> 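Take this structure first; my questions come after.
Hydrogens, waters and symmetry mates are skipped; everything else that's a heavy atom, side chains included, is used. The first residue of the sequence shown is numbered 1, and numbering continues consecutively from there. Predicted, not measured: the structure shown is a model, and the values here were computed from it.
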Amino acid sequence: MDFYEAISRRSSVRDFTDEAVPREVIERIIGAAYKAPTNDHFRDWHFIVVTDKAIMREVLEGVPKALTVQDVDRMTFISDPVQKRAYQYAVPKQYSMLMDAAAVIIPLMKKKVDVLHPADLSHLNCFASVWCSIENLWLAATAEGYGCNLRIPCGDEEAKARAATGFPEEYMIPCFIGIGRPAEGAVRTKQLVPDIEKQLHWQKF
Ligand SMILES: Cc1cc2nc3c(=O)[nH]c(=O)nc-3n(C[C@H](O)[C@H](O)[C@H](O)COP(=O)(O)O)c2cc1C
């Protein structure tokens with residue numbers, strides 16, 4: 001698939017078929033993740049790939065299972081109807097979009113600094129770098145014909161996933177990634193379209 005086509009086709013997929021993702025595909029897309037730019041040259045990220053449903057259930061134990069559109073109505077930061085419709089679709093699927101995926105991929109970044117209390121922006125470099133790897137992975141999965149979604153762990157979600165998979169304390173989960181073959185008719189939520197002409201500036205703002 002052409003590079004720009006993969007970029008255009010990438011979107012969050014939250015409904016999957018039962019099809020497994022072959023091991024070599026997972027290995028290729030994780031290989032793509034390791035081609036991402038990195039702040040300190042180490043690329044010392046790890047990726048845990050969970051396909052076993054019993055382990056997946058344990059990993060996702062902390063993820064809310066019964067969120068509804070009424071919960072979205074209570075989210076005061078939503079300011080736009082298109083944005084609201086996207087949340088109304090996505091929020092109730094936070095558990096099923098991962099649990100029904102062929103695999104949950106857990107990227108891990110090393111906590112080299114206190115990223116939750118950064119002294120300045122450079123303290124977030126390791127966080128920014130792992131996100132570059134996540135985007136590479138997502139685009140590679142799209143180019144392979146698969147779909148992904150992601151969820152940021154909140155509250156005790158990371159601790160539950162740590163207990164289920166045994167990764168060391170020095171690592172942190174930036175997000176959970178669900179991957180699989182998109183179901184027929186899988187919804188791609190409508191997006192706000194930025195006005196690039198207004199947002200692209202040449203020479204001066
Ligand atoms: C930093 C970040 C955090 C996100 N967190 C979540 C999340 O917790 N749950 C979810 O369903 N989607 C999450 N998303 C996916 C966005 O909802 C999605 O990318 C956005 O609506 C645009 O839709 P698209 O991916 O289909 O283009 C996140 C995306 C990013 C980049």
Side-chain angles (χ1 to χ4, degrees), residues 1-14 16 20-52 55-56 59-60 62-63 90 94 97-99 101-154 157-162 164-182 188 191:
M1 191 186 292
D2 166 73
F3 177 71
Y4 284 100
E5 189 184 346
I7 288 189
S8 297
R9 284 200 186 188
R10 187 221 55 80
S11 67
S12 295
V13 174
R14 299 184 176 88
F16 298 104
V21 183
R23 197 183 175 99
E24 60 272 19
V25 172
I26 298 273
E27 286 170 352
R28 258 198 313 273
I29 66 171
I30 288 180
Y34 280 107
K35 298 283 182 201
T38 167
N39 63 304
D40 62 4
H41 307 266
F42 284 117
R43 296 189 174 87
D44 45 5
W45 315 307
H46 289 248
F47 294 86
I48 306 175
V49 182
V50 181
T51 56
D52 180 300
I55 301 175
M56 218 185 257
V59 163
L60 302 175
V63 177
Q94 292 305 288
M97 71 183 192
L98 293 164
M99 199 58 217
V104 171
I105 301 179
I106 309 172
L108 296 173
M109 56 174 263
K110 218 173 200 171
K111 287 189 269 186
K112 294 170 193 167
V113 291
D114 185 358
V115 290
L116 296 181
H117 304 92
D120 61 41
L121 216 48
S122 74
H123 279 193
L124 294 174
N125 280 352
C126 60
F127 187 55
S129 295
V130 79
W131 272 99
C132 293
S133 85
I134 291 161
E135 174 68 345
N136 267 19
L137 185 160
W138 198 343
L139 289 174
T142 306
E144 297 272 2
Y146 294 91
C148 294
N149 59 61
L150 53 88
R151 171 171 175 81
I152 311 301
C154 302
E157 290 175 49
E158 182 181 80
K160 303 268 191 201
R162 189 191 306 279
T165 56
F167 66 85
E169 195 56 47
E170 62 179 323
Y171 290 94
M172 200 171 179
I173 305 179
C175 66
F176 296 115
I177 304 170
I179 178 171
R181 182 77 73 192
R188 317 266 170 156
Q191 295 297 307

> Here's a test for you: under side chain to side chain contact (heavy atoms under 4.5 Å, CB included), which of Val49, Ile179, Leu98, Thr51 qualifies with Val104?
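Testing Val104 for a side chain to side chain contact (heavy atoms under 4.5 Å, CB included) against Val49, Ile179, Leu98, Thr51 leaves exactly one candidate, Leu98.
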
> Between atom CG of Leu139 and atom CD1 of Ile7, what is the distance when rounded to the nearest 0.5 Å?
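It is 5.5 Å, given to the nearest 0.5 Å.
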
> Measuring from atom CZ of Arg43 to atom NZ of Lys110, what distance do you get when rounded to the nearest 0.5 angstrom?
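If we round to the nearest 0.5 Å, Arg43:CZ and Lys110:NZ are 15.5 Å apart.
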
> Quick one: salt bridge (charged side-chain N to carboxylate O under 4.0 Å, His left out) partners of Lys112, sequence neighbours excluded?
Asp40, Asp44

> Take atom CD1 of Ile152 as the centre, draw a 6.0 Å sphere, and report whether it contains more than 12 heavy atoms from other residues, nucleotides or ligands.
yes

> For residues Ser12 and Trp138, determine if any side-chain heavy atom of one lies less than 4.5 Å from a side-chain heavy atom of the other.
yes

> If you take all heavy atoms of Met56 and Ala101, which pair is closest and at what distance?
CE-O, 3.7 Å

> Working to the nearest 0.5 Å, report the span between CG of Asp114 and CG of Leu124.
10.0 Å

> Between Cys154 and Glu157, is there a side-chain heavy-atom distance shorter than 4.5 Å?
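Yes; the side chains approach each other to less than 4.5 Å.
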
> Do you know the tightest heavy-atom contact between Ala164 and Ile55?
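Here Ala164 and Ile55 meet closest at O-CG2, 4.3 Å.
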
> Applying the side chain to side chain contact (heavy atoms under 4.5 Å, CB included) criterion to Phe47, which one of Ile29, Leu108, Leu137, Ile26 satisfies it?
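Passing option: Leu137.
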
> For the pair Arg28 and Glu24, find out whether any cationic side-chain nitrogen is under 4.0 Å from an anionic carboxylate oxygen.
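The answer is no: the pair does not qualify as a salt bridge.
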
> Closest approach of Val13 and Gly147, non-hydrogen atoms and distance?
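Shortest heavy-atom separation between Val13 and Gly147 comes out as CG2-CA, 3.8 Å.
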
> Rounded to the nearest 0.5 Å, what's the gap from CD1 on Ile105 to CG on Leu150? Could you check?
11.0 Å

> Quick one: does any side-chain atom of Glu158 pair with a main-chain N or O of Pro153 as donor and acceptor, under 3.5 Å?
no

> May I ask you to test the Trp45-Thr38 pair for a side-chain heavy-atom distance under 4.5 Å?
yes

> Honestly, is Arg181 close enough over Tyr146, meaning NZ or CZ under 6.0 Å from the six-membered ring centre and within 45° of the axis?
yes

> State, with a plain yes or no, whether a side-chain heavy atom of Met172 is found less than 4.5 Å away from one of Met109.
yes

> Less than 4.5 Å apart, any side-chain heavy atom of Phe127 and any of Pro118?
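Of all side-chain heavy-atom pairs linking Pro118 with Phe127, none is under 4.5 Å.
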
> Do side-chain atoms of Ser129 reach the backbone of Cys126 as a donor and acceptor pair under 3.5 angstrom?
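Checking the backbone N and O of Cys126 against the side chain of Ser129, no donor-acceptor pair under 3.5 Å is found.
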
> Within this structure, what is the OG1-CE distance for the pair Thr142 and Met1, rounded to the nearest 0.5 Å?
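Rounded to the nearest 0.5 Å, the OG1-CE separation comes out at 7.0 Å.
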
> Measure the shortest side-chain to side-chain distance between Arg151 and Ile177 over non-hydrogen atoms and say whether it is less than 4.5 angstrom.
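Side chain of Arg151 against side chain of Ile177, heavy atoms only: no contact under 4.5 Å found.
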
> Can you find a pair of side-chain heavy atoms, one from Arg162 and one from Glu169, that are under 4.5 Å apart?
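The answer is yes; the side chains approach within 4.5 Å.
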
> Can you tell me how far CD1 of Ile48 sits from CZ of Phe176, rounded to the nearest 0.5 angstrom?
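Rounded to the nearest 0.5 Å, the CZ-CD1 separation comes to 10.0 Å.
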
> With a 6.0 Å cut-off (strictly less than), is the heavy-atom count around OH of Tyr34, excluding the residue itself, greater than 12?
yes

> Quick one: list whatever passes side chain to side chain donor-acceptor pair (under 3.5 Å) with Asn125, sequence neighbours left out.
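Side chain to side chain donor-acceptor pair (under 3.5 Å) check on Asn125 returns nothing, list empty.
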
> Please check if atom NZ in Lys111 has more than 12 non-hydrogen atoms from other residues, nucleotides or ligands closer than 6.0 Å.
yes

> Between His46 and Phe167 (judged by ring centroids, cut-off 6.0 Å), do the two rings come close enough to count as a pair?
no

> Would you indicate whether the side-chain heavy atoms of Trp131 and Pro107 approach each other to under 4.5 Å?
no

